[in-house]
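Heavy atoms only: backbone and side chains are in, while hydrogens, waters and symmetry mates are out. Being a predicted model, the structure only gives us computed values, none of them experimental. Both ligands and their constituent atoms are indexed starting at 1 by order of listing.
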Amino acid sequence: MFYLLKLFIQMKILFNKDDLNEALYNVKNLGFVPTMGSLHKGHISLIKKSKKICNKTIVSIFINPTQFNNKADFFRYPRNFKKDIKILKKLNVNFVFKPNKEQVYTSKKTKKIKLLKSQKILCAKYRKGHFEGVIEVMERLTKIIKPTKIFMGEKDFQQLYLVKKYIEKKYDSKVIPCKTIRDNNSIALSSRNLNLKKSQLIKAAKLTKELINFKKNLKIKKEIVKNIYQKKKELSQKYKVKIEYLELRNKINLGKSNNINNSNLFFAYYVNNIRLIDNI
Ligand code: AMP
């Protein structure tokens with residue numbers, strides 16, 4: 001009972017910038033975990049990492065409209081605030097920031113964000129304006145929260161790469177990469193998985209497992225690019241899914257790679273109309 005009471009008293013839920021400024025006054029070594037809610041074990045691993053190496057941890061829950069290049073996708077995005085709060089209380093998080101759109105976007109305009117031509121690859125090629133929206137909201141949240149460290153998942157590798165590059169150049173905050181968490185079927189945990197039926201989840205898991213094995217075997221294969229091209233075709237037909245891209249890229253600069261050292265296989269695909277991404 002006392003324990004529960006303690007958790008309840010400790011976690012502060014903040015809905016606006018004034019309350020946030022007051023709560024964060026004098027907080028040193030603050031860890032920040034930005035999320036769009038519908039929390040799962042992937043998010044939880046980021047939070048645990050922050051709690052381990054920072055004095056205090058703040059988690060934001062904000063479904064950022066400007067990063068959705070498709071309105072239907074924005075409205076369909078799962079929302080589970082009550083459940084999220086229960087999870088965060090259990091984790092003994094110090095602060096939750098749950099702003100509305102005005103709280104984030106009414107302050108001064110930030111400099112217009114433009115990706116370089118060389119960065120318009122993978123998701124940036126297919127989701128016009130998506131990363132510009134992600135970088136803008138990350139810049140706005142960083143200005144408001146002023147965290148020492150920001151924890152982001154490798155599941156969204158290109159997002160992590162672009163945000164890290166942008167934020168660390170302009171602000172004192174350091175972006176900390178965190179490993180992808182998968183379920184027992186190998187599929188990367190994602191809030192979007194909540195929109196999949198069981199049969200669709202099984203399909204996604206089978207496809208992921210095949211790609212994990214395929215990558216293992218790439219070590220001994222020649223003509224890697226041709227092999228990947230063929231695998232993409234084969235899997236699209238076998239599982240009747242649209243694979244938007246399947247590419248081997250270097251983890252350091254996301255350049256195209258024909259060598260599996262330091263490289264990951266990046267893929268995006270649609271199960272029905274739900275878009276999933278992963279890298280292995
Ligand atoms: P989201 O709520 O989907 O915007 O994700 C918030 C943060 O959690 C991002 O930094 C994601 O990369 C990270 N994340 C999402 N899924 C996973 C996962 N399965 N493993 C690790 N991190 C994840």
What atoms of ligand 1 come within less than 4.0 Å of a heavy atom belonging to [X]?
| X | answer |
| --- | --- |
| Met152 | 10 (O) |
| Tyr77 | 3 (O) |
| Thr180 | 20 (N), 21 (C) |
| Lys155 | 16 (N), 17 (C), 18 (C) |
| Met36 | 1 (P), 2 (O), 4 (O) |
| Leu189 | 16 (N), 17 (C), 18 (C), 19 (N) |
| Lys179 | 20 (N), 21 (C) |

Would you check if the side chain of [X] reaches a backbone N or O of [Y] as a donor-acceptor pair within less than 3.5 Å?
| X | Y | value |
| --- | --- | --- |
| Glu168 | Val175 | yes |
| Gln158 | Ile121 | yes |
| Arg275 | Tyr270 | no |
| Ser257 | Asn259 | yes |

**OP:** Please say whether Asp156 places an N or O atom under 3.5 Å from an N or O atom belonging to ligand 1.
**Re:** yes

Subject >> Geometric N/O contact Gly153 with ligand 1, under 3.5 angstrom >> reply: yes

**OP:** Mind running salt bridge (Lys or Arg N to Asp or Glu O under 4.0 Å) on Glu136 and Lys112 for me, showing each step along the way?
**Re:** CA-CA 8 Å; Glu136 179 174 5; Lys112 193 165 168 51; over 6 Å; no

Original post:
Relative to ligand 1, is Pro34 under 4.0 angstrom through side chain, backbone, both or neither, heavy atoms considered?
Top reply: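 Near ligand 1, Pro34 shows its backbone, while the atoms from C-beta on stay back.
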
Original post:
Any Lys/Arg nitrogen of Asp73 or Arg192 sitting under 4.0 Å from an Asp/Glu carboxylate oxygen of the other?
Top reply: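 Yes.
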
Original post:
Any ion pair linking Asp84 and Lys98 (charged N to carboxylate O, less than 4.0 Å)?
Top reply: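 Looking at Asp84 together with Lys98, the answer is no, because their closest N to O distance does not fall below 4.0 Å.
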
Subject >> 4.0 Å heavy-atom contact, Lys41 with ligand 1 >> reply: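 False for this residue.
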
**OP:** For His40 and ligand 1, answer yes if some heavy atom of the residue is under 4.0 Å from a ligand atom, otherwise no.
**Re:**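 In this structure, His40 qualifies as a contact of ligand 1 - some heavy atom is under 4.0 Å.
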
Original post:
Distance from Glu244 atom CD to Lys232 atom NZ, nearest 0.5 Å?
Top reply: 9.0 Å

Original post:
Of the choices Thr35, Asn193, Val59, Leu46, which has the non-hydrogen atom that lies closest to atom 22 (N) of ligand 1?
Top reply: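 It is Leu46 whose heavy atom sits nearest to atom 22 (N) of ligand 1.
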
Subject >> Top protein contact for atom 1 (P) of ligand 1, by heavy-atom distance >> reply: His43 NE2, 3.6 Å

Original post:
Tell me: protein heavy atom nearest atom 20 (N) of ligand 1, and distance?
Top reply: Ile181 N, 2.8 Å

Original post:
Taking the six-membered ring where the residue is Trp, are the ring centres of Phe68 and Tyr77 under 6.0 Å apart?
Top reply: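 Under 6.0 Å, so yes.
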
Original post:
Between Phe157 and Phe266, does the ring centre distance come in under 6.0 Å?
Top reply: yes

